[in-house]
Q: 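I have a structure here, written as structure tokens, and I will follow up with some questions on it.
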2 protein chains.
Amino acid sequence: MKIGELAMTALTPVETIRYYEREGLLPKPGRSDGNYRIYEAQHLEHLQFIRHCRSLDMSLAEVRELLMLKNSPLESCGNVNRLLDEHISHVSRRIRELRQLEKQLKVLRRQCGDGGAVNDCGILAELAHASQDGVGETKKRKSHLKAVHHPT
Amino acid sequence: MKIGELAMTALTPVETIRYYEREGLLPKPGRSDGNYRIYEAQHLEHLQFIRHCRSLDMSLAEVRELLMLKNSPLESCGNVNRLLDEHISHVSRRIRELRQLEKQLKVLRRQCGDGGAVNDCGILAELAHASQDGVGETKKRKSHLKAVHHPT
DNA sequence: AGAAACCCTGTAGCTACTATAGAGTCAACA
DNA sequence: TGTTGACTCTATAGTAGCTACAGGGTTTCT
């Protein structure tokens, strides 16, 4: 099948498929006379594996690792478990962080003396204070999980 | 004060300060004879405002908006409240999403017939299935909140 | 005077895509 | 046969919010 059909079947944008190929996550398919990519059933499976992992918010690096483990069938699944456990702990940590955040934001929200002018707004006043709650932790470890915003 | 001192005081990397200036979030300071940036007390306050917002995971766009509201003192704080409420709802939504994710991951984790070879690993088998839980929602709204991973 | 520590600009890199531009291919229809 | 339209190709740039150079200039200390 051609890339468009694969894209429809796997519910994945065409450009994303080509991107995975460039990144070495998806094996290069054969080409038609007109230089179109021609995919087989195994490509679909492979792609669906990747998409399933991504839907669980794993990073492409993690997916890459899983794909490698998948291809070394003699090894034990200890590493698969380890990878998954680590990922779960990333998620749990992020949930804790966000709960903290939510609490702080709700406190902040209550600072507003509703309806007044901006000059008296308790929220802006509060924000101008240096709370510095962990702001400067230079070595703050970064998370790979998706961020919060929706740029509409 | 020079940029290094500002950086130390506000617990913010020097490059980040210059980046905020480029982005128009921090007003351009004066320069010394040797072309060094020279900051005043108000710059420190301004920077701390930004960092406080960022520590609450607001996007730079949101920070920009707040800064504008701050500079129009006659307006009412309705817009400040609105912005904050929206941000809180972003955070809450992301928490719900991650809880869901955590649940799925824990279910998956239990699929492994511990200690066996990769060939029999229930986790990999499960991942190869097309769960497609929302994988293909083309219009999935993006969040601006930080992702989960820590690239070590 | 020389070295260390600071500062400058400009550019490239990070993640995981997404979105063009500009061109080629293929099937169907008049 | 020509042409329209849908599809595909490569290459490049953009997104967020920094971070990390390279290759220079300035200041400060000894």
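Treat the numbers as computed from the prediction; the structure is a model and nothing was measured. Every heavy atom of this structure was used, including side-chain atoms; hydrogens, water molecules and symmetry mates were not. Chain A is the first sequence line, chain B the second, and so forth, proteins listed ahead of strands; every chain is numbered from 1.
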Q: Identify, between A:Glu5 and B:Asp33, the residue whose nearest nucleotide on DNA chain D lies closer to the 5' end.
A: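 The answer here is A:Glu5.
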Q: Between C:dT18, D:dG17, C:dA16, which nucleotide gets closest to the side-chain atoms of A:Pro13?
A: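 Within the option list, the nearest is C:dT18.
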Q: To the nearest angstrom, how far is B:Ile17 atom CD1 from C:dC6 atom P?
A: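 So the CD1-P distance, B:Ile17 to C:dC6, works out to 14 Å.
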Q: As a test of reading the structure: which of C:dT25, C:dC8, D:dG17 is closest to the side chain of B:Asn35, going by heavy atoms?
A: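 Selected nucleotide: C:dC8.
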Q: Would you kindly give the CD1-to-P distance between A:Ile50 and C:dT15, to the nearest whole Å?
A: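 Value for this atom pair: 16 Å.
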Q: Toward the 5' end of DNA chain D, which comes first, B:Arg22 or A:Lys2, by nearest nucleotide?
A: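 Looking at the nearest nucleotide for each, A:Lys2 comes out on the 5' side.
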Q: Nearest-Å distance, CZ (B:Arg54) to P (D:dA16)?
A: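 Rounding to the nearest Å, CZ of B:Arg54 and P of D:dA16 are 12 Å apart.
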Q: B:Leu6 CG to C:dC8 C1': how many Å, rounded?
A: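 Answer to the nearest Å: 16 Å.
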Q: If I take atom CD1 in residue B:Ile38 and atom P in nucleotide D:dT27, what distance separates them, rounded to the nearest angstrom?
A: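 The distance from CD1 of B:Ile38 to P of D:dT27 comes to 10 Å, rounded to the nearest Å.
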Q: Evaluate the side-chain proximity of A:Val80 to A:Leu66: yes if any heavy-atom separation is below 4.5 Å, no if none is.
A: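 Contact flag for A:Leu66/A:Val80 side chains = yes.
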Q: Can you tell me the distance, in whole Å, between the CZ atom of B:Arg31 and the P atom of D:dT27?
A: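 Rounded to the whole Å, the gap is 13 Å.
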Q: Across the strands shown, which category fits A:Arg18 at heavy-atom distances under 4.0 angstrom: base, sugar-phosphate, nothing?
A: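 Base, at least one base atom sits under 4.0 Å.
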Q: Round to the nearest Å and state the distance from A:Lys28 atom NZ to D:dC9 atom P.
A: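 Going from NZ in A:Lys28 over to P in D:dC9 covers 13 Å.
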Q: Using a strict 4.0 Å threshold on nitrogen-to-oxygen distance, state whether B:Glu97 and B:Arg94 make a salt bridge.
A: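 Counted as a salt bridge, because a side-chain N and a carboxylate O are separated by less than 4.0 Å.
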Q: Would a 4.5 Å heavy-atom cut-off, applied to side chains only, mark A:Phe49 and A:Leu67 as touching?
A: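 The answer is yes; the side chains approach within 4.5 Å.
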Q: Return the nearest nucleotide to the side chain of B:Glu15; candidates are D:dG17, D:dA20, D:dC9.
A: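 For the B:Glu15 side chain, the nearest candidate turns out to be D:dA20.
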Q: Rounded to the nearest 0.5 Å, what's the gap from NE2 on A:His46 to CG on A:Leu6? Could you check?
A: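 That separation rounds to 11.5 Å.
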Q: Would you say A:Arg37 reaches D:dC9's phosphate, i.e. side-chain N/O to OP1/OP2 under 4.0 Å?
A: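 Yes, within the criterion.
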Q: Record whether the side chain of A:Tyr36 comes under 3.5 Å of the base of C:dT25 through a donor-acceptor pair of N or O atoms.
A: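 It does, because a donor-acceptor pair links the side chain of A:Tyr36 to the base of C:dT25 below 3.5 Å.
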Q: Is A:Lys70 salt-bridged to A:Glu65, cutoff N-O under 4.0 Å?
A: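 Between A:Glu65 and A:Lys70 there is no salt bridge, as every charged N stays at least 4.0 Å from the carboxylate O atoms.
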Q: Choosing from C:dA16, C:dT18, D:dT19, which nucleotide comes nearest the side chain of B:Thr16?
A: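 Ranking C:dA16, C:dT18, D:dT19 by closest atom to the B:Thr16 side chain puts D:dT19 first.
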Q: Provide, to the nearest angstrom, the distance between the CG atom belonging to A:Leu25 and the P atom belonging to C:dT15.
A: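 My rounded result for the distance is 12 Å.
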Q: Compare side-chain N and O positions of B:Tyr20 against OP1 and OP2 of D:dC18 and report whether any pair is under 4.0 Å apart.
A: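 Yes, within the criterion.
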